[in-house]
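Within every chain, numbering begins at 1; the chains are lettered A, B, ... in the order of the sequence lines, protein sequences first and strands thereafter.
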Protein chains: 2
Amino acid sequence: MAVTLRDVARAAGVSPATASRALSAPDLVAPERRELVRRVARELGYRPNRAARELITGRSGHLCLVVPDLENPFFSAVAKAVQARARAAGHAVVVADAEEDPLLEAELVSHLGAQADGVLLCSPRMSPDDLADVAADGGPLLLVNREAAGLPSVVIDNRDGVRQAVRHLHALGHRRIAYAGGPPGSWSDARRREGLADDPGPRLPGLDVVDLGAHAPVFAGGVAAADLALAAGATAVLAHNDLMALGLLDRLRTRGVRVPDDVSVVGFDDAPVATLVTPALTTVAAPLARLGRTAVDLLLDPPRGDEPARVALPVELVVRASTAPPPTAPPPAAPA
Amino acid sequence: MAVTLRDVARAAGVSPATASRALSAPDLVAPERRELVRRVARELGYRPNRAARELITGRSGHLCLVVPDLENPFFSAVAKAVQARARAAGHAVVVADAEEDPLLEAELVSHLGAQADGVLLCSPRMSPDDLADVAADGGPLLLVNREAAGLPSVVIDNRDGVRQAVRHLHALGHRRIAYAGGPPGSWSDARRREGLADDPGPRLPGLDVVDLGAHAPVFAGGVAAADLALAAGATAVLAHNDLMALGLLDRLRTRGVRVPDDVSVVGFDDAPVATLVTPALTTVAAPLARLGRTAVDLLLDPPRGDEPARVALPVELVVRASTAPPPTAPPPAAPA
DNA sequence: TTGTAAGCGTTATCAC
DNA sequence: GTGATAACGCTTACAA
């Protein structure tokens with residue numbers, strides 16, 4: 001049997017109450033006794049029983065993180081940061097993978113979240129109503145890279161990211177730019193489309209933005225978008241995320257189109273894969289680690305106030321090898 | 001306040017004991033009462049308090065997974081599978097990232113593991129002694145892709161994987177093959193080196209294996225190894241993992257060496273990145289999802305017997321575009 | 001088959 | 001500053 005607080009108290013010759021205080025509220029106990037208890041606890045290898053503590057305090061020491069896909073580098077980066085920050089704050093992290101299924105997300109939040117000190121929810125696609133529902137019946141909940149009325153959130157500045165990318169491409173001389181969108185219903189994709197519409201005016205003369213529609217936010221989605229981009233005669237393509245950008249890169253190469261000589265490609269997120277390919281991806285770098293850390297901080301001590309906190313983190317375009325000025329001639333027709 | 005079992009019992013007009021049984025041991029209660037209790041529980045939105053249950057049963061419903069780096073696609077794949085299988089078995093998963101630090105790993109295991117129903121430990125580098133220590137003071141523990149005396153484990157057949165890769169390269173005609181090793185002290189790297197030594201005999205005539213030494217198991221490690229491989233005059237390089245193989249690919253290209261025309265490259269793991277690059281990586285596919293699932297199964301119900309279970313999962317070489325017959329001429333000297 | 005009652009290990013309350 | 005004691009919500013002997 002594990003060593004309990006009573007054992008420690010007995011061995012130290014104090015009451016369980018004092019032993020408890022010596023460990024959890026050191027100020028309330030006389031210095032010498034406090035040290036005695038702590039030493040005895042250490043010698044006996046005492047480990048507080050979390051369940052017992054939770055039962056009385058109502059706090060579990062657990063945070064719950066729900067993501068659509070743990071294997072997506074965007075979310076593993078967030079998960080890593082969340083985990084690190086939570087540990088620093090004395091919390092363990094229960095991670096749940098919702099398998100890109102909004103229904104499962106909702107279930108996970110209500111099940112797992114019920115007995116956690118808070119929930120971090122990465123839910124790009126759950127409907128606002130469902131979001132409100134799951135938020136209603138539980139404890140603290142914070143949205144990551146998603147906003148919704150009445151709920152606290154930490155997001156990246158999706159809109160500005162697209163703006164930066166477009167400005168960059170325009171400055172290089174591109175005039176016909178395609179956007180390869182993410183999955184339908186994606187909140188961040190909607191924000192990015194807003195950024196697309198932001199700057200068509202006199203500041204970026206002659207700009208022509210082509211919408212390639214919605215795609216799965218993975219490699220295959222980018223592959224599909226590549227053909228559409230070529231058909232549309234774009235000299236540059238902005239992808240919803242880096243995974244899609246890699247798909248674009250691959251398909252363009254297959255079709256004999258050189259990147260960046262013939263067509264430029266820009267990703268989004270700066271996931272770790274962005275520098276693993278050739279040409280290295282020009283991409284909108286999202287501060288994923290900071291996103292995770294901020295989310296934990298805000299969840300654990302929410303700022304007082306009527307309105308739930310809404311934080312937007314700045315993003316920054318990182319120019320690498322996948323963008324260059326467009327060819328003077330239109331991109332070569334595909335060989336087949 | 002949350003609705004408790006007493007509330008349900010009261011509302012259903014039964015004793016708390018009956019209510020408890022109706023939900024946790026349905027067979028012990030009369031059908032009509034059982035259904036009544038369950039209906040009432042549902043209507044009231046009853047959620048059992050995990051802490052209270054854990055306090056008395058000693059089971060938390062939590063598994064703990066410790067990995068060196070959540071961002072490494074090898075481990076995110078394992079984590080995803082573990083999480084899915086654990087959920088199917090009614091368990092939540094506490095994930096801990098040890099930041100590639102064996103000391104932190106040990107601490108995480110003893111802290112987090114103390115109050116979990118079991119621990120899954122991915123610890124390529126912890127010393128056998130430390131492993132024995134952390135295993136000693138806790139509950140069930142199972143090693144993932146690592147073996148140690150007296151501890152249950154699930155591994156992939158590292159040795160055979162290397163054998164398959166070498167045989168493939170030899171069959172293509174390569175005679176001088178370099179191995180870019182993983183970090184010093186890595187258990188799986190040691191197994192792979194054994195595979196390297198396995199087949200130098202008459203079955204693979206003329207084979208010459210060059211050891212490029214130990215490297216960080218990441219992109220940068222592969223970059224470093226590439227130069228060594230060229231200096232050694234190898235026509236093929238086998239990397240400790242896919243991340244390193246990507247580094248090799250990148251550096252070889254930079255130095256004007258074509259893959260696979262001049263030099264062939266083989267990865268290990270078949271992490272999701274392997275197909276994201278050009279040329280697509282020939283690699284030893286490790287069944288990562290199966291690794292995770294098997295680990296959970298074995299942890300939750302260990303086979304009875306004196307010896308702890310040791311399972312080795314088969315691997316399979318996946319030939320893609322990064323390997324080809326060697327050039328008849330030696331690889332071109334690097335341009336600078 | 002059902003109810004009563006005793007805990008599980010900890011913290012909170014309240015005297016002292 | 002310290003010690004009894006109750007209480008957290010649940011499961012499980014044991015009794016009926």
Side-chain angles (χ1 to χ4, degrees), chain A residues 1-38 40-42 44-62 90-92 111 114-117 138-139, chain B residues 1-38 40-42 44-62 90 92 111 113-117 138-139:
Chain A
M1 201 51 204
V3 35
T4 144
L5 190 59
R6 299 185 81 93
D7 300 334
V8 174
R10 194 155 26 212
V14 301
S15 77
T18 300
S20 172
R21 285 188 284 250
L23 298 169
S24 318
D27 306 342
L28 300 183
V29 69
E32 48 183 299
R33 301 195 139 205
R34 183 203 321 158
E35 292 317 316
L36 172 63
V37 171
R38 305 188 87 127
V40 170
R42 206 174 323 116
L44 263 47
Y46 169 72
R47 289 235 169 283
N49 181 314
R50 248 210 8 263
R53 179 176 286 174
E54 175 180 355
L55 191 53
I56 187 110
T57 62
R59 269 160 301 134
S60 64
H62 284 203
H91 286 258
H111 263 82
Q115 326 243 334
D117 296 341
Chain B
M1 201 52 204
V3 36
T4 144
L5 188 59
R6 299 184 81 93
D7 300 333
V8 174
R10 195 154 25 211
V14 301
S15 76
T18 300
S20 171
R21 285 189 282 249
L23 298 168
S24 319
D27 307 342
L28 300 183
V29 69
E32 48 182 300
R33 297 195 145 205
R34 184 203 321 159
E35 292 317 315
L36 171 63
V37 170
R38 304 188 88 128
V40 170
R42 207 174 323 117
L44 263 46
Y46 169 71
R47 287 234 169 285
N49 180 316
R50 248 210 7 264
R53 180 176 284 173
E54 175 180 355
L55 191 52
I56 187 130
T57 63
R59 269 160 302 135
S60 64
H62 284 181
H111 264 80
Q115 325 243 333
D117 295 342

Chemist: If the condition is side-chain hydrogen bond (donor to acceptor under 3.5 Å, both in side chains), which residues does S20(B) pass it with, not counting sequence neighbours?
Modeler: none

Chemist: Enumerate all atom pairs, one protein N or O and one N or O from nucleotides 10-13 of chain D, separated by less than 3.5 Å.
Modeler:
residue	atom	partner	partner atom	Å
dC10(D)	OP1	Y46(B)	OH	2.7
dC10(D)	OP1	N49(B)	N	3.2
dC10(D)	OP2	T4(B)	OG1	2.8
dC10(D)	OP2	L5(B)	N	2.4
dT11(D)	OP1	S24(B)	OG	3.3
dT11(D)	OP1	R53(B)	NE	2.7
dT11(D)	OP1	R53(B)	NH2	3.1
dT11(D)	OP2	S20(B)	OG	2.8

Chemist: Tell me, please, which residues at least two apart from R53(A) pass salt bridge (charged side-chain N to carboxylate O under 4.0 Å, His left out).
Modeler: none

Chemist: Between C1' on dG9(C) and CG on L23(A), what's the gap in Å once rounded to a whole number?
Modeler: 13 Å

Chemist: Taking everything shown except R59(A) itself, do over 12 heavy atoms lie less than 6.0 Å from its CZ?
Modeler: no

Chemist: According to side chain to side chain contact (heavy atoms under 4.5 Å, CB included), who are the partners of L36(A), at least two apart in sequence or on a separate chain?
Modeler: A12(A), R39(A), V40(A)

Chemist: Checking R10(A) now: which residues fulfil side-chain hydrogen bond (donor to acceptor under 3.5 Å, both in side chains) with it, not counting sequence neighbours?
Modeler: D7(A)

Chemist: Under a 4.0 Å heavy-atom cut-off, which of residues 28-35 of chain A touch DNA chain D?
Modeler: L28(A), V29(A), A30(A), R33(A)

Chemist: How would you list, by chain and number, every residue that makes a side-chain hydrogen bond (donor to acceptor under 3.5 Å, both in side chains) with S15(A), sequence neighbours excluded?
Modeler: T18(A)

Chemist: Report the residues that fulfil ring-ring contact (aromatic ring centres under 6.0 Å, His included) with H62(B), sequence neighbours left out, ordered by chain and then residue number.
Modeler: H62(A)

Chemist: Quick one: salt bridge (charged side-chain N to carboxylate O under 4.0 Å, His left out) partners of R50(A), sequence neighbours excluded?
Modeler: E54(B)

Chemist: Not counting sequence neighbours, which residues clear side-chain hydrogen bond (donor to acceptor under 3.5 Å, both in side chains) with T4(A)? List them please.
Modeler: none

Chemist: Find the bend of the helix from dT1(C)-dA16(D) to dC16(C)-dG1(D) as the angle between its two terminal axes (five pairs each), to the nearest 10°.
Modeler: 40°

Chemist: Please give, in whole Å, the distance from dT1(C) P to D27(B) CG?
Modeler: 10 Å

Chemist: Considering only residues two or more places apart or on different chains, which pairs with a residue in residues 18-33 of chain A satisfy salt bridge (charged side-chain N to carboxylate O under 4.0 Å, His left out)?
Modeler: none

